Amino acid sequence: MTRDVWLARHPYLQPVADVHALVEAMAAGVAVPTAPIPDWDHYASDFHAGVPLLQSSKVAFDFAAVETAVYSLIREVASASLPEPLATSCRDLVAELETTDLRAPVHPGLLCYLGWAVLARYLAPVVGAFDAWRNEERWLRNYCPTCGELPAMAQLVGKDPGRLRKLSCGRCRTRWRYRRTGCPFCDSQDEHRLAVVSVEHEAGLRIDYCDVCSGYLKTYDGEGSESVLLADWTSLHLDMIARDRGLKRLAVSLYDLDAR
Ligand SMILES: [Zn+2]
Ligand SMILES: [Zn+2]
């Protein structure tokens, strides 16, 4: 599955695809520093205790340098031609940058989206090195080992009997292993099966949900199209289907730009 084929089948995603492409292109043009690869031996005890990398006191990242890059991106995006109400929201953010710091922004959803567009780039080499170092058997937790967020999506990989479920972070793009069954939002050891909503003509995407907490997990039951199908924004229509059924998105959505 390619992005273009997906968009041809889901033309209503085109506006979000356009904004996403514009922001990614601008983020690529901003000078983003590269995060240093941590000393894994130093971090290992925190890892075994369940402390995500970004929350560990054993690892230091230079977020001041990232902040400068985020501010540059906000200014760039605000000067681009954008649809409303995004254009106004971006100008509001720039106005805020000039008067105050962004501790209580008027558009936290938009700030979070633009912030992670930069942070994901800053962290990309670390996410890759962490994947190579991490023993997945020693994590198996319901939150992202890199940034601590709950999973935006899941993927079933491999063939039975060795089939695995991987969770995927909507913020930093880390993918990690979790138990094959059970709900990652209640995280009970109860292995109750999630119920499934199949969505027709969706190339292996479905919605798994929990009767106990009403949390849902968009799940890609396949391999080979991760870059398109695990991107989160490409399945925003599944979030709407889930919401219409009274289910709750318990992970942050970077595309909830009106979030307050
Ligand atoms: Zn993460
Ligand atoms: Zn649950």
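The structure displayed is predicted, hence computed values, not measured ones.
- Evaluation of the side chain to side chain donor-acceptor pair (under 3.5 Å) rule for Thr88 yields Glu84 as partners, not counting sequence neighbours.
- For the atom pair OG (Ser81) and CG (Leu86), the distance works out to 10.5 Å, reported to the nearest 0.5 Å.
- No salt bridge links Arg173 with Asp131; every basic N to acidic carboxylate O contact stays at or beyond 4.0 Å.
- Evaluation of the ring pair (Phe, Tyr, Trp, His ring centres under 6.0 Å) rule for His237 yields His10, Tyr12 as partners, not counting sequence neighbours.
- In this structure, the side chain of Thr219 engages the main chain of Leu217 through a donor-acceptor pair within 3.5 Å.
- With sequence neighbours left out, Cys112 forms a side chain to side chain contact (heavy atoms under 4.5 Å, CB included) with Trp116, Val252, Leu254.
- Between the CD atom of Glu149 and the CG atom of Leu167 there is a distance of 12.0 Å, given to the nearest 0.5 Å.
- Not a single salt bridge (Lys or Arg N to Asp or Glu O under 4.0 Å) links Arg243 to another residue, sequence neighbours left out.
- For Asp4, there are no salt bridge (Lys or Arg N to Asp or Glu O under 4.0 Å) partners, not counting sequence neighbours.
- The ring of Phe47 has its center closer than 6.0 angstrom to the ring center of Trp133.
- Looking at residues two or more places apart in sequence or on another chain, you find a side chain to side chain contact (heavy atoms under 4.5 Å, CB included) between Val16 and Leu13, Trp233, Leu236, Tyr255.
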For this session: Give the intermediate values and the outcome of side-chain contact (heavy atoms from CB on, under 4.5 Å) for residues Leu194 and Cys183.
Result: CA-CA 7 Å; Leu194 297 181; Cys183 172; 3.7 Å; yes
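- The salt bridge (Lys or Arg N to Asp or Glu O under 4.0 Å) search around Asp18 returns none, not counting sequence neighbours.
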Atom pairs and distances, side-chain donor-acceptor, residues 49-58, under 3.5 Å, sequence neighbours left out:
unit_1	atom_1	unit_2	atom_2	d
Gln55	NE2	Cys147	O	3.4
Ser56	OG	Asp46	OD2	2.7
Ser56	OG	Lys58	N	3.0
Lys58	NZ	Ser45	OG	3.3

- Task: Might you work through the salt bridge (charged side-chain N to carboxylate O under 4.0 Å, His left out) test for Glu136 and Arg134, ending with a clear yes or no?
- Result: CA-CA 6 Å; Glu136 295 284 15; Arg134 188 170 65 242; 3.2 Å; yes
Which donor-acceptor pairs under 3.5 Å do the side chains of residues 118-130 make with protein atoms, sequence neighbours left out?
unit_1	atom_1	unit_2	atom_2	d
Arg121	NH2	Glu24	O	3.3
Arg121	NH2	Glu24	OE1	3.2
Tyr122	OH	Asp62	N	3.0

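- The other members of the hydrophobic cluster of Leu164, by chain and number, are Val157 (side-chain heavy atoms under 4.5 Å, ILVMFWY only).
- In this structure, Arg249 and Lys218 have side chains that are in contact, with non-hydrogen atoms separated by less than 4.5 Å.
- Residues passing the salt bridge (Lys or Arg N to Asp or Glu O under 4.0 Å) test with Arg177, sequence neighbours excluded: Glu137.
- For Thr181, the side chain to side chain contact (heavy atoms under 4.5 Å, CB included) test picks out Glu191, Arg193, with sequence neighbours left out.
- Between the CG atom of Asp221 and the CG atom of Leu229 there is a distance of 11.0 Å, given to the nearest 0.5 Å.
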